[in-house]
Every structure is written in structure tokens, then in C-alpha cells.
Amino acid sequence: MTPRERMDAFAKGEEIDRVICIPDMGVTMVPFLGVTAREYYHSSELMARLEIALFKKLRHDSVGISTSLRGVAEAMGAKVAYPDYNISYLLEPAIKSVNEIESLKVVDPLKDGKLPILIEALRLTRDALIKEVDVGAAMSGPFSVAASLVGTENLLKWIIKCPEKIHILMEIVAESNNKYIEEVAKLGLSIGFADPVSSSSLVSPKQFREFSLPYLQKNVNKIKEKTGSAPGIHICGKSKEIWEDVVGTGISNFSIDNVEDIEEAKKLMGDRVVITGNVPPVDVIYKGSKEDIFKSVKECIRKGYDSKKGYILSTGCQIPMNTPIEKVEMFMEAAKTYGKYPIDLNLLSEE
């Protein structure tokens, strides 16, 4: 099966030849192209070239380009640094004071920040690959955008000191995300979220329910309205305490960090969403041996393959910068070895 055929059949609940496999890559794989991260972030052509080159090499089941955690925040006025050999990071929030929140403007994705570059990169990637593989767009959940917009420390402080102002902030951010969603939907692509700041490692479930969930819901609703399909979400760190809330928004796919257990996720939400994950990207893919990679992939498939709504093998988060492409090839090889249907339970249970 081609990756396109495999993904289409998976979406319909039909038989496929092996477990769906999507390593979490993107900008961190720029050394494979021989360019810098800085060059990548400023070039639609390089963004597309990287996705195309990785797909030709690995034949994984979905490709995509992300706004990064800071893309929408930068378009709204945050200053972002672009190192040559690392991911971008927040240099300066768009506002310093809670009283400036009302001055923030909703983005125009065709003009502001690097959003036009991202939209063009998605178009180029779609045109090159859509017949062969699923192409998607990834973006930050609204609470994570807000953290890059005002600074994580400020956001966490202000939700306690002046909650009503944060609700105003979140309305503006959700609307900005919706503007980007509308443009990406015109390309006919699927859309998903990464929302690390909503993690229970950073905010309590109560804070998540008040300040993140209602605005995530607005974005999920917009994606469904504009694309006709439900988005997936990845939350870094601990997230078990909010699984029910997130699933309740109507997402289709929940990607969990490697600190969480696939077996538990399967039991608690596998009958409602696809479970994705969760080979450790640093300790196993980046630092581990081939044996470590095979062992971890085998364990993930053993735990997840029979999840009711389906299972996708992936890494627990983005694969780190300077991970040799050979390591990702080992990951794909392990997926083919242990994930072939019908699943060989004897192979999965071997020590």
C-alpha cells in the first residue's frame, strides 16, 4: 500500500497492511537538507523541500508543516529569535503589561509575521505530495499561543491576578487561530494542534478548564466547520487529568507524551479517539541504540495496536535537532517489523 492508500483506508476503518507510522519531525530535521534552522523558518521553499525529502527517504504516513509554538504569537507582535542550529524561541512578548491586552489585534494570515510563508509552504508541499501521502498543517493551541504572546510566566501569573483580562486575551487569540484555520482550510488540508502549555505539568486541570478549554473548543469547531473533519492534538508532559475534557471537544486523535502510558490512554479514551504515540524522542530515538528503538516501538505497538478507534505509532514529542536520519529509518524499520497486519502477538511478546 502507498502511504496515501494506507491513511485513507485507516480513516475509513478498513484493513491496512501495517500500523500507521508518523515520526514527529519538522524543523529539527534541517541538517538532513544541509541548511540552517534560521534559513528554514524564513523560506516556504525550504519548508516544503524538507517535507518532500523526508518523505522520499522514509515513506512515513503523513507529512505536515507547523506554525511552531510561536508563529501566531509572532504575527500578533511577539519578537522571536531564529538561531542557526536550534528551534526558534521567544525573545520578547508582544505586551509587557496586562493593561495592554485590549491593544492586541487579530492576525491577517496573508500579511502578518511568517504566516504567509507557512501557507505558501503548505501549498507547495500539498502540490508535490498530496497524491502520495496525507498532508496536514499543525498549529499551537490557543493557550500555548497566549504563552508566547505575553510570556509563559506572565500568563500563569495573570490568570490568578486578573482572570477577566485573560479571558479577553484568549478571545483575541482564538480568533487569530481561527483566521489561520480559515486560510489553511482553503488548501484542503487537515489541521491539528500542539498545546504544551495546557499540560497538567504547567497548569491545574481547573485552570485548564477555565482558560484553555473554551478557546480550544472554538478552534476545534472552526476546523470542523471549514474542513469537515475533526483535528488531532498533541499535549506535552502530563495530560491524563484533562483527557476527558480534551476528548469532549470533539477531537479525532490524541497524541500523548512518553511520560503517559498508552495502555491507560487506550482504556480511558481509545473507544472515542485514535491514540497516537509515544516512543521517547530523546532517550530512545536521539540517544538510543537500534536495539533500544526496536524495543520501544515493539512495546508501543503491543500496548496500542488493538485500540478500538485505531492506533498511530509516533514519537512522544518532536525528534531533537541533530538526530541522524538513520535513527528515524530504524524507527520506520521497527514499525514495519512489529506493526505488520495481521499482528504477530508472539513477535510482540518476545523478550
Item to check | Trace of the salt bridge (Lys or Arg N to Asp or Glu O under 4.0 Å) decision for Arg4 with Asp8 | outcome: CA-CA 6 Å; Arg4 171 91 263 171; Asp8 287 349; 3.1 Å; yes
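- Between the side chains of Asn221 and Gln217, at least one donor N or O lies within less than 3.5 Å of an accepting N or O.
- Electrostatic pairing of Lys327 and Asp292 does not count as a salt bridge here, judged by no charged N lying under 4.0 Å from a carboxylate O.
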Checklist entry - Lys267 and Asp261: salt bridge (Lys or Arg N to Asp or Glu O under 4.0 Å), yes or no, with the steps? => result CA-CA 10 Å; Lys267 282 177 190 156; Asp261 183 56; over 6 Å; no
Checklist entry - After noting the C-alpha distance and the side-chain angles of Glu132 and Arg59, does the key distance pass the salt bridge (Lys or Arg N to Asp or Glu O under 4.0 Å) rule? => result CA-CA 9 Å; Glu132 294 183 83; Arg59 305 294 294 179; 3.2 Å; yes
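- Applying the salt bridge (charged side-chain N to carboxylate O under 4.0 Å, His left out) rule to Glu74 yields the partners Lys114; only residues at least two apart in sequence or on another chain are considered.
- A salt bridge does not link Asp108 to Lys179: none of the charged nitrogens lies less than 4.0 Å from a carboxylate oxygen.
- Of the possible polar contacts, none joining the Ser43 side chain to the Glu39 backbone as a donor-acceptor pair under 3.5 Å is found.
- Salt bridge status for Glu244 with Arg272: present, with a side-chain N to carboxylate O gap under 4.0 Å.
- Here Ser255 contributes atom OG and Asp24 contributes atom CG; the two are 7.0 Å apart, rounded to the nearest 0.5 Å.
- The aromatic rings of His42 and Tyr82 sit perpendicular, their planes meeting at an angle over 60°, well past the 30° parallel limit.
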Next on the checklist: As a quick check of understanding, evaluate salt bridge (Lys or Arg N to Asp or Glu O under 4.0 Å) for Glu225 and Lys222, giving each step before the final call.
Outcome noted: CA-CA 5 Å; Glu225 176 201 328; Lys222 181 62 76 173; 3.8 Å; yes
Next on the checklist: With side chain to side chain contact (heavy atoms under 4.5 Å, CB included) as the criterion, how do His60 and Val133 come out once you've worked through the C-alpha distance, each side chain's angles and the decisive distance to 0.1 Å?
Outcome noted: CA-CA 8 Å; His60 47 303; Val133 66; over 6 Å; no
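- Salt-bridge formation is not detected for the pair Lys218/Glu175: no Lys NZ or Arg NE/NH1/NH2 atom is positioned less than 4.0 Å from an Asp or Glu carboxylate oxygen.
- A centroid separation of less than 6.0 Å is found between the aromatic rings of Phe211 and His167.
- Taken from OG1 in Thr28 to CD1 in Ile87, the straight-line distance is 8.0 Å, to the nearest 0.5 Å.
- Note that the CG atom of Asp61 and the OG atom of Ser314 stand 11.0 Å from one another [nearest 0.5 Å].
- The shortest heavy-atom contact between Val27 and Ala37 is CG2-CB, 4.0 Å.
- In the hydrophobic clustering (ILVMFWY side chains linked at under 4.5 Å, chained through shared members), Leu124 stands by itself.
- Salt bridge Glu263/Lys266: present, at least one basic N to carboxylate O contact under 4.0 Å.
- For the salt bridge (charged side-chain N to carboxylate O under 4.0 Å, His left out) criterion with Lys165, the lone passing option out of Glu171, Glu102, Glu100 is Glu102.
- To the nearest 0.5 angstrom, Leu129 atom CG is 11.5 Å from Lys131 atom NZ.
- Side chain of Asn219 to main chain of Ala174: a donor-acceptor pair is present (N/O by atom type, distance under 3.5 Å, no hydrogens or angles).
- Contact check on Asp127 versus Arg123 returns a salt bridge, with a Lys/Arg side-chain nitrogen under 4.0 Å from an Asp/Glu carboxylate oxygen.
- Every residue two or more places apart in sequence or in another chain that forms a side-chain contact (heavy atoms from CB on, under 4.5 Å) with Asp245 is listed here: Phe208, Arg209, Leu213, Ile242.
- Looking only at atom types and distance, the side chain of Thr276 has a donor-acceptor partner in the side chain of Asn253 under 3.5 Å away.
- Annotation: Glu153, atom CD; neighbour count of heavy atoms from other residues, nucleotides and ligands within 6.0 Å does not exceed 12.
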Checklist entry - Can Val63 and Leu54 be said to form a side chain to side chain contact (heavy atoms under 4.5 Å, CB included), step by step? => result CA-CA 9 Å; Val63 303; Leu54 288 170; over 6 Å; no
